[in-house]
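The structure under discussion appears below in the form of structure tokens.
Chain letters run A, B, ... following the sequence lines, proteins first and then strands; every chain starts at 1. Since the structure is predicted, the reported quantities are computational estimates derived from the model, not experimental observations. FYI, side chains are in, hydrogens and waters are out, and symmetry mates aren't considered; it's all heavy atoms of this structure.
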Number of protein chains: 2
Amino acid sequence: MTEMLKGTLEGIVLALLALGPAYGYEITARLRDQGFADIAEGTVYALLVRIEQRGLVDVEKVPSEKGPPRKVFTLNAQGREALDEFWSSWGFLADRLAHLKEGPRS
Amino acid sequence: MTEMLKGTLEGIVLALLALGPAYGYEITARLRDQGFADIAEGTVYALLVRIEQRGLVDVEKVPSEKGPPRKVFTLNAQGREALDEFWSSWGFLADRLAHLKEGPRS
DNA sequence: TACCACTAGATAGTAACACTGAGTACTGGA
DNA sequence: TCCAGTACTCAGTGTTACTATCTAGTGGTA
């Protein structure tokens with residue numbers, strides 16, 4: 001399972017960010033709500049650093065009433081493009097897998 | 001895309017083997033037929049070594065009319081169990097992703 | 001004969017990614 | 001004072017697919 005997430009988790013986070021800006025801790029919480037209960041915080045933050053460095057998100061520091069300032073991530077144009085590519089790849093894979101699961105004609 | 005295959009490719013190969021015994025070269029060809037055009041031969045052989053070492057397949061050497069002897073892989077009980085687990089994990093992931101793609105209620 | 005294409009498999013080294021585990025920093029309540 | 005919750009960071013690890021190269025056997029062809 002953990003291996004299956006590779007590459008996919010990034011797409012999932014991009015999809016979450018497409019719904020609106022969010023900060024790391026919040027994204028982790030949303031992932032848990034979505035059923036991904038056992039994804040480590042460290043994993044999410046590392047992923048966010050990656051997509052920031054690749055320029056897929058805009059970042060803004062926002063002070064928090066509780067705890068250290070939040071790093072709010074907003075999906076930008078490049079990020080939306082990456083998300084589209086992700087959905088395309090995912091669609092291909094899901095389609096192939098669906099064929100394999102029942103009746104592999106062709 | 002190549003990252004998204006991690007973990008998934010193993011399941012795909014197990015699913016192919018569930019259709020009947022096959023050897024490496026044949027599996028590579030089948031993958032290409034299935035649309036996975038750019039999967040390197042070396043990748044498939046390495047994967048087959050892994051699933052053999054984990055005891056998911058039975059192996060038999062069969063002489064070939066053309067070229068060196070073939071290593072024919074047959075999915076065994078443990079392999080079928082692993083395949084079931086794979087479909088279960090895949091089902092979960094595909095379900096979550098489908099929710100995310102359109103209308104993320106919950 | 002010499003060479004090439006096809007079949008068939010093995011292997012060493014690399015990059016990407018998620019995980020573990022620990023740490024820093026700030027707030028408010030018991 | 002200590003702990004729980006919020007919020008982020010970082011070093012080190014294991015798995016996996018990729019690239020590139022190599023060995024080996026058969027048959028066809030220049």
Next item on the list: Return no unless some side-chain N or O of B:Ser64 is found under 4.0 Å from OP1 or OP2 of C:dA8.
Entry: yes

Next item on the list: Hey, which sits more toward the 5' end of DNA chain C by its nearest nucleotide, B:Glu41 or A:Glu10?
Entry: B:Glu41

Check: To the nearest Å, how far apart are B:Ile27 CD1 and C:dA8 C1'?
Finding: 12 Å

Note to self: Just N and O in the side chain of B:Arg50: are any of them under 4.0 Å from OP1 or OP2 of C:dA10?
What the structure shows: no

Item checked: Toward the 5' end of DNA chain C, by each residue's nearest nucleotide, A:Gly42 or A:Glu3 -> A:Glu3

Note to self: Does D:dC10 have its OP1 or OP2 closer than 4.0 Å to a side-chain nitrogen or oxygen of A:Tyr45?
What the structure shows: no

Checklist line | Touch class at under 4.0 angstrom, heavy-atom based, for B:Leu9 against every strand present | finding: sugar-phosphate

Margin query: Between A:Asp58 (side chain only) and A:Leu75 (backbone N and O only), is there a donor and an acceptor less than 3.5 Å apart?
Written below: no

Check: What integer distance in Å separates A:Met4:CE from D:dT16:P?
Finding: 13 Å

Notebook entry, point to check: Is a donor-acceptor pair below 3.5 Å formed from side chain B:Lys6 to base D:dT16, judging by atom type as modelled?
Noted result: yes

Notebook entry, point to check: Does the side chain of B:Thr8 reach to within under 4.5 Å of the side chain of B:Phe86, using non-hydrogen atoms?
Noted result: yes

Notebook entry, point to check: Do the side-chain N or O atoms of A:Thr43 get closer than 4.0 angstrom to the phosphate oxygens (OP1, OP2) of C:dC19?
Noted result: yes

Notebook entry, point to check: Between A:Phe92 and B:Phe36, what is the ring plane arrangement, given parallel below 30°, perpendicular above 60°, and tilted in between?
Noted result: perpendicular

Check: Of B:Pro68 and B:Ile39, whose nearest nucleotide on DNA chain D comes first from the 5' end?
Finding: B:Ile39

Next item on the list: Would you kindly give the NZ-to-C1' distance between B:Lys61 and D:dG25, to the nearest whole Å?
Entry: 12 Å

Item checked: Pairing of B:Arg70 and B:Glu60 as salt bridge, 4.0 angstrom limit -> no

Note to self: Measure CG/B:Leu5 against P/D:dT15 and give the value in whole Å, please.
What the structure shows: 19 Å

Checklist line | Short side-chain N/O contact from A:Lys71 to OP1 or OP2 of D:dT9, under 4.0 Å | finding: yes

Checklist line | Distance in angstrom units between B:Leu47 CG and D:dT19 C1', rounded | finding: 16 Å

Check: Between atom CD in A:Glu52 and atom C1' in D:dT9, what is the gap in whole Å?
Finding: 13 Å

Next item on the list: State plainly whether the residues B:Glu10 and B:Arg54 are in salt-bridge range, i.e. N to O under 4.0 Å.
Entry: yes

Next item on the list: Verify the contact: side-chain N or O of A:Arg70 to OP1 or OP2 of C:dC26, cut-off strictly under 4.0 Å; return yes or no.
Entry: no

Next item on the list: May I have the distance from A:Met1 (atom CE) to C:dA18 (atom P), rounded to whole angstrom?
Entry: 11 Å

Check: Could you state the OH-P distance from A:Tyr25 to D:dT9, rounded to the nearest angstrom?
Finding: 15 Å

